Amino acid sequence: MQFGGTPKPSASRRKRLRLADGLSDDLYPHGLMMYNRPPMCNITLQEFESFAYDRVKVLHYLDSLGVSYVKNSPDYCQKLGDYLRKNYVGFTLTSEPSKDTEERNLEWRRKDHISHFILRLAYCRSDELRRWFLEKEVDLFKYRFNCESTSSIKQFLMLNDMTYYPISEEEKEKFSAHLKLISYDMTQSKVQSTNFYKVPFTDVLNLVSSRRVFINSGYAYVPQSELISIISTRFREHLSKALAQTSRSLPELEEDDRLLPILRGFNKNTLAEAYDPNKNAGKVSIKQIDELSKISFPLCMRQLHQVLRETHHHKHWARLQYGLFLKGIGVTLEESIKFWKAEFSKGVGEEKFNKEYSYNFRHMFGREGKRTNYAPYGCMNIIMKNVPAPGEHHGCPFKHSSPELLKQRLHHYKIPKDSIDEIIKLMKSQHYQIACTKYYEVTHKVDEAGFQLNHPNQYFDESQMLLKGEKKTTGLKPSQGNAEFTPKWSQPVPESQTEESEMELDALMTEVDV
Ligand code: SF4
């Protein structure tokens, strides 16, 4: 792929690009892909970002859908289909015979192809990211495979050199007595209506060992419903290897300073994570914080507040996480210094605070150093970075606490037992933000939060709007993702920090830690 920084091309230019890039049926003969070949075309940086963000949104939606519904159940497929039709062009198309549709198909396949490869780059950086991406891509592949017609599957198999042939009606008739025996519910009429594929038996040893296929002349006769598990296993193996390979080529990519910040944004899953630090400036006074921490703080911040009140100290990551959060909810610099000084003075003393710590808080507000207006950290930043060591209290309790400790804490906050069980289940299945949303629903006594949680300050804002009667719950489940998405490049960017300046702040805080 080659990237240009020019504005989004006009329709005529897009057409020229398409011709120049040789966008044709030969390149994208089928809507479903194994993504064997990387894209070899020119795209603009804007396309690079918007294609990938659209796909990230779909993968996140799949993630939350998998919590509420059994995967591939009719409800799951219905919801996913509705979502894709509404939000993402590129998947599940009907083939209408007009020329216009053909062109759109090619455009959408191109988007599907390119966006997949961009996210490979973004999600190959750690085991955890690779695992998440792999799971979601396999889920998406399975759904799309199940949407394909028999003739389309046949074409897909042929294009990908998979030697799995649908058997003819005569062959089916010939072996119908044997095919009936592969499962208890396989009746004669079901045999007639099912499509069977001939697959080398070595590719389906699990089905052979559980006697769920008929074998003849080295081929297993696999019903179409089982075919997806074979193909998706191949898809998974292929993608898993490809992600490992991509991660090895990362050092080369690090040299491209146009792409790196964009890719980092994706793998932090930063949908809507940019938070304007000035949005609430001056709206909250320190006198309100004790009360607000109980009713409107997410658990991570409630915990940090409580620890600060009890121990009168925070180590540097906790200061950073909590200090920026307080700034985001509207505590001014003056109030902030007063608040931290009052606590630290009970521990390290006022003089030491003035000498060693107050500079940090002024720095957070952009009054020292490079004078950057730092934004509060989003959930994925808190979840993925800087794992707390023993004795540290920053991080996300849904990710970084043990289930026992979290259970104890929730019990202490008088969360009902069945809700605690549900939260712990979500936590164990690594759905940290959904667990946090559940905590919001229970503590705010609403059935459905009506927003997709990405940021502790968003949690606070939503809570305050609800408590002040400025917002009604929408009736949508959080997992239904009602948050509107605007690509980062078109968002109004507050004077928030770059990755570099964030690191600068981190380093500064580290220097003076005790
Ligand atoms: Fe905080 Fe986000 Fe974790 Fe909730 S999910 S506790 S807001 S980091």
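Computed from a predicted structure; not experimentally measured. Order of listing sets the numbers, starting from 1, for every ligand and every atom in it.
- The CG atom of L426 lies 9.5 Å from the CZ atom of F398; values are rounded to the nearest 0.5 Å.
- In F398, the part holding a heavy atom less than 4.0 Å from any atom of ligand 1 is the side chain.
- Atom 4 (Fe) of ligand 1 has no N, O or S atom of C300 under 2.8 Å away, backbone or side chain.
- Note on C396: not counted as a metal contact of atom 2 (Fe) of ligand 1, no N/O/S atom lying under 2.8 Å.
- For the atom pair CG of L32 and CD1 of I231, the computed distance is 9.0 Å after rounding to the nearest 0.5 Å.
- Residue-environment remark: NE2 (H411) stays at or below the threshold of 12 foreign heavy atoms within 6.0 Å.
- Among protein heavy atoms, atom 2 (Fe) of ligand 1 sits closest to C379 SG, 2.4 Å.
- Taking a 6.0 Å sphere around NZ of K346, one finds it holds more than 12 heavy atoms contributed by other residues, nucleotides or ligands.
- Put simply, no part of Y459 is less than 4.0 Å from ligand 1, judged by heavy atoms.
- Looking only at distances, a side-chain donor or acceptor of E441 sits under 3.5 Å from a matching main-chain atom of A449.
- Against a heavy-atom cut-off of under 4.0 Å, P298 is close to the following atoms of ligand 1: 7 (S).
- Between Y459 and H444, the angle of the ring planes goes over 60°, which puts this pair in the perpendicular group of the 30/60° scheme.
- Counting protein heavy atoms only, atom 5 (S) of ligand 1 is closest to C436 CB, 3.5 Å.
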